[in-house]
Amino acid sequence: ELFRISKHQVIFGINYFDINPGPGRIIWIKNNPVFSNAEIAYHSFGYGVYVFQHTWSGFCKETEHKEKRIHPTQKPVALYKWILTKFAKPGWRILDTHLGSGSSAIACWDMGFNFVGFEKDEQFYRNAVERVAKHTRQMKLELTDV
């Protein structure tokens, strides 16, 4: 269904499924030997393999980047910002069919993208909504030369 409703996709966890939707890959090196050193995602933006290195201890209660863990497969906001910078174009609407912790929504908010997210687990959804609401309540301060 994702391929039916969207022109482009980034699908995390491709290394855990027995499917091969195409050749594009994103490799996120977590520098975390406890569970998995890396995660692999499929991308529909051609044949390239892109590597993002970001130390992440998602299994901890709070990470070194001050992101509180609220979902078992939570990804850092920095990862989604990197993906948006690399692949998305201004004016695009971003769809996340597995909202999880809401990191993708926060990245979209910070970068000015329209966003739609879905999460089937009610408690994860509530946690993500609360996290995003808390983040978006903060005012943005833009500094200019005086």
Side-chain angles (χ1 to χ4, degrees), residues 1-60 62-122 124-136 138 140-144:
E1 289 299 308
L2 187 59
F3 295 97
R4 183 182 64 80
I5 65 168
S6 61
K7 184 175 180 179
H8 294 290
Q9 307 82 32
V10 173
I11 304 172
F12 276 98
I14 199 73
N15 47 317
Y16 302 113
F17 303 112
D18 188 22
I19 60 171
N20 185 8
R25 294 293 185 264
I26 295 169
I27 301 172
W28 165 33
I29 299 174
K30 301 186 217 181
N31 298 321
N32 175 3
V34 174
F35 179 65
S36 177
N37 283 324
E39 189 160 333
I40 302 171
Y42 157 76
H43 72 79
S44 64
F45 298 91
Y47 292 89
V49 175
Y50 298 88
V51 178
F52 176 75
Q53 189 163 332
H54 180 80
T55 301
W56 180 249
S57 299
F59 60 90
C60 296
E62 192 166 328
T63 70
E64 62 277 7
H65 301 285
K66 305 299 181 206
E67 290 185 48
K68 182 180 176 189
R69 180 179 184 235
I70 63 171
H71 191 277
T73 61
Q74 183 167 332
K75 292 163 185 63
V77 173
L79 173 62
Y80 287 108
K81 286 183 177 182
W82 178 82
I83 289 170
L84 291 168
T85 299
K86 196 105 184 126
F87 299 111
K89 293 185 171 42
W92 279 13
R93 176 172 291 157
I94 306 301
L95 168 66
D96 188 341
T97 59
H98 297 78
L99 181 63
S101 67
S103 295
S104 57
I106 290 171
C108 286
W109 167 265
D110 287 352
M111 297 181 72
F113 285 96
N114 292 320
F115 180 84
V116 176
F118 297 96
E119 175 56 56
K120 71 178 185 174
D121 183 284
E122 188 175 345
F124 289 148
Y125 175 77
R126 284 189 198 133
N127 292 344
V129 167
E130 182 180 328
R131 180 179 181 217
V132 171
K134 182 178 178 183
H135 181 81
T136 58
Q138 299 175 26
K140 292 182 182 180
L141 177 64
E142 295 191 32
L143 301 174
T144 58

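Note that the structure is a prediction, hence the values are computed from the model and not measured.
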S.K.: Name the residue from Lys75, His71, Arg131 that meets the side chain to side chain donor-acceptor pair (under 3.5 Å) definition with Ser103.
M.R.: Arg131

S.K.: Pair up each side-chain donor or acceptor in residues 85-99 with any protein partner under 3.5 Å, not counting sequence neighbours, and list the distances.
M.R.:
{"from": "Thr85", "atom 1": "OG1", "to": "Lys81", "atom 2": "O", "distance (Å)": "2.9"}
{"from": "Asp96", "atom 1": "OD1", "to": "His98", "atom 2": "N", "distance (Å)": "2.9"}
{"from": "Asp96", "atom 1": "OD2", "to": "Ser104", "atom 2": "OG", "distance (Å)": "2.6"}

S.K.: Quick one: NZ on Lys68 to OG on Ser101, what's the gap to the nearest 0.5 Å?
M.R.: 12.5 Å

S.K.: Should Val132 and Trp109 count as side-chain neighbours, where that means a heavy-atom distance under 4.5 Å?
M.R.: no

S.K.: Please report the closest heavy-atom contact between Val116 and Phe118, naming both atoms and the distance.
M.R.: CG1-CE1, 3.8 Å

S.K.: To the nearest 0.5 Å, what is the distance between CD (Glu39) and CD1 (Ile27)?
M.R.: 11.5 Å

S.K.: Could you tell me which non-hydrogen atom of Gly102 sits nearest to which non-hydrogen atom of Ala128, and how far apart they are?
M.R.: N-CB, 3.8 Å

S.K.: Would you mind reporting whether Asn37 and Ile29 have side-chain heavy atoms less than 4.5 Å apart?
M.R.: no

S.K.: For Ile14 and Pro21, which heavy atoms make the closest approach, and how far apart are they?
M.R.: CD1-CD, 3.6 Å

S.K.: Any chance you could measure Ile83, atom CD1, to Tyr50, atom OH, to the nearest 0.5 Å?
M.R.: 12.0 Å

S.K.: Would you check if the side chain of Thr136 reaches a backbone N or O of Ala133 as a donor-acceptor pair within less than 3.5 Å?
M.R.: yes

S.K.: Report the distance from atom CD1 of Ile106 to atom NE2 of His135, rounding to the nearest 0.5 Å.
M.R.: 5.5 Å

S.K.: Do Asn20 and Tyr42 come within less than 4.5 Å of each other through their side chains, counting heavy atoms only?
M.R.: no

S.K.: Measure across Phe52 and Ala78 and return the closest heavy-atom pair with its distance rounded to 0.1 Å.
M.R.: CZ-O, 3.8 Å

S.K.: Supply the atom-to-atom distance Phe17 CZ to Ile11 CD1, rounded to the nearest 0.5 angstrom.
M.R.: 9.0 Å

S.K.: Drop me the distance from Trp28's CH2 to Phe12's CZ, to the nearest 0.5 angstrom.
M.R.: 7.0 Å

